[in-house]
Amino acid sequence: MKSRQIYTFFLPDLIPEGLLNDSVAVVIDILRATTTMTTGIANGAARIVPCVGVDQAHLTKQRLSEANLALAENTSPSSVLLGGERLGKPLPGFDLGNAPETYSPESVRGRTIVMTTTNGTRAMDRCRGAKQIVIGSFANLSTVVQHLSQSQRVALVCSGTDKHVTCEDVLFAGAVTDELIRSAHGSDLPWEINDQAELARSYWRQSSGPDRFPTMDSILAVFRRSLGGSNLIAQGRAVDLEFAAAIDRFNVLPILDQRSWEITAAPM
Ligand code: MLT
């Protein structure tokens, strides 16, 4: 019998060389990069350009603003914004931090956002060469699962926090794995999963109540215990945990195109 594969990696450093080549990679940074990017794209950002470094982000903004001005005289340079964080805090000279609710339609619609974050944009960089790169979060869980259900090989890439495994990313990987396996039940194309996917799935199921999904409270309890979550609470950003714990806020599939290195919404 033929099978399909789900690989989970608790950290980008755990991905074996070459494994992503024929995989759809889902980058996961629940607190907060991929939640915030999903929100920005759902709220109408024209594109998000992920950068690893702060200097690279400034240079990219400058290049894109100049290109805009050359193309259309009346395009304001402010149509390109800088967003992101270091140590969880907004960066000097940046227009936006990394709090998902600040990526509102009023701030992002029609704009290009050049983003750099501590772990999330680095994990995206590690996924170069994958068959496709998808941005995943609880905010678009069902849309991501629906898309992956058509795939042969899936790699769920947890960004972690400062090179440490982090519970909220593993929880999401478990949710995706569980949903894919459930929806393939009885099919002649079952999913094979690696040990990290097995662990993530058990973690998700252990957090679940009698229903299919854990409650928002049980997801929040996981976030509050995690390294990334407790860092954000210490900075007065508990509200971001609540935002990130809500499942299926948006029906949007952000895809990172590897040639342009831009995240845009896949046509639905
Ligand atoms: C990350 O990329 O690690 C996150 O954006 C961190 C954060 O939001 O504080």
Side-chain angles (χ1 to χ4, degrees), residues 27-69 75-127 133-140 159-162 168-169 228-229 231-232 235-244 246 249-250 252-258 260-265:
V27 182
I28 305 166
D29 187 352
I30 300 299
L31 296 175
R32 298 164 289 177
T34 57
T35 301
T36 300
M37 289 174 173
T38 302
T39 304
I41 293 295
N43 284 338
R47 62 190 66 75
I48 294 176
V49 184
C51 294
V52 172
V54 176
D55 290 348
Q56 185 197 354
H58 279 292
L59 288 171
T60 304
K61 177 182 172 174
Q62 193 182 339
R63 178 175 55 77
L64 293 174
S65 301
E66 285 167 8
N68 270 355
L69 285 171
T75 304
S76 139
S78 68
S79 65
V80 183
L81 303 179
L82 275 176
E85 55 68 41
R86 282 298 178 274
L87 299 173
K89 302 206 176 77
L91 285 150
F94 273 45
D95 307 287
L96 293 163
N98 198 26
E101 89 275 4
T102 60
Y103 286 61
S104 61
E106 299 71 38
S107 357
V108 303
R109 180 163 293 140
R111 291 178 149 149
T112 295
I113 305 169
V114 178
M115 270 185 93
T116 180
T117 71
T118 313
N119 306 287
T121 54
R122 201 168 281 282
M124 286 162 207
D125 204 54
R126 177 63 189 84
C127 291
I133 307 176
V134 172
I135 306 301
S137 66
F138 283 108
N140 65 343
S159 300
T161 299
D162 304 328
E168 68 278 8
D169 293 350
N231 287 345
L232 287 169
Q235 290 172 21
R237 298 299 319 169
V239 66
D240 295 349
L241 277 59
E242 282 166 34
F243 192 104
R249 275 176 189 277
F250 306 116
V252 69
L253 186 72
I255 301 281
L256 173 52
D257 181 86
Q258 298 193 61
S260 61
W261 206 247
E262 292 177 356
I263 298 167
T264 55

As a quick check of understanding, evaluate side-chain hydrogen bond (donor to acceptor under 3.5 Å, both in side chains) for Glu101 and Thr39, giving each step before the final call. CA-CA 8 Å; Glu101 89 275 4; Thr39 304; over 6 Å; no
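- Looking at Leu253 and Val134, their side chains come closer than 4.5 Å, going by heavy atoms from C-beta outward.
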Derivation and outcome, salt bridge (Lys or Arg N to Asp or Glu O under 4.0 Å), residues Asp95 and Arg111: CA-CA 12 Å; Asp95 307 287; Arg111 291 178 149 149; over 6 Å; no
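- The heavy-atom pair separating Gly160 from Asp169 by the smallest distance is N-OD2, 3.0 Å.
- Between the Asn43 side chain and the Tyr103 main chain, a donor and an acceptor come within less than 3.5 Å of each other.
- Within a 6.0 Å radius of CZ in Arg122, other residues, nucleotides and ligands contribute 12 heavy atoms or fewer.
- One finds the NZ atom of Lys61 at 12.5 Å from the CG atom of Leu59 (value rounded to the nearest 0.5 Å).
- Cation-pi geometry between Arg249 and Phe243 is satisfied (NZ or CZ under 6.0 Å from the ring centre, within 45° of the ring normal).
- Under the 3.5 Å distance criterion, the side-chain polar atoms of Asn140 are matched with a main-chain donor or acceptor of Val252.
- With Thr36 contributing its side chain and Ala99 its backbone, the two residues share no donor-acceptor pair below 3.5 Å.
- In this structure, Gln258 and Ile133 have side chains that are in contact, with non-hydrogen atoms separated by less than 4.5 Å.
- Sequence neighbours left out, the pairs with a member in residues 41-61 that pass ring pair (Phe, Tyr, Trp, His ring centres under 6.0 Å) are His58-Phe94.
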Test side chain to side chain contact (heavy atoms under 4.5 Å, CB included) applied to Leu31 and Asp240, step by step: CA-CA 8 Å; Leu31 296 175; Asp240 295 349; 5.5 Å; no
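- At least one donor-acceptor pair under 3.5 Å links the side chain of Thr38 to the backbone N or O of Thr34.
- Rounded to the nearest 0.5 Å, atoms CZ (Arg32) and CG (Asn119) are 11.0 Å apart.
- Rounded to the nearest 0.5 Å, atoms CG (Leu87) and CG (Asn231) are 9.0 Å apart.
- At least one side-chain heavy atom of Asn98 sits less than 4.5 Å from a side-chain heavy atom of Met115.
- Between Ile135 and Met124 there is a side-chain heavy-atom pair separated by less than 4.5 Å.
- The salt bridge (charged side-chain N to carboxylate O under 4.0 Å, His left out) search around Asp257 returns none, not counting sequence neighbours.
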Could you please spell out the steps behind the side-chain hydrogen bond (donor to acceptor under 3.5 Å, both in side chains) verdict for Ser104 and Ser107? CA-CA 5 Å; Ser104 61; Ser107 357; 2.8 Å; yes
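- Closest approach of Ala57 to Thr116, counting heavy atoms only: CB-CG2, 4.0 Å.
- Note that CD of Glu168 and CG of Leu232 are 8.5 Å apart. Values are rounded to the nearest 0.5 Å.
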Which atom pairs, donor and acceptor, lie under 3.5 Å between side-chain atoms of residues 47-54 and protein residues at least two apart or in another chain?
residue	atom	partner	partner atom	Å
Arg47	NE	Glu262	OE1	3.3
Arg47	NH1	Thr112	OG1	2.6

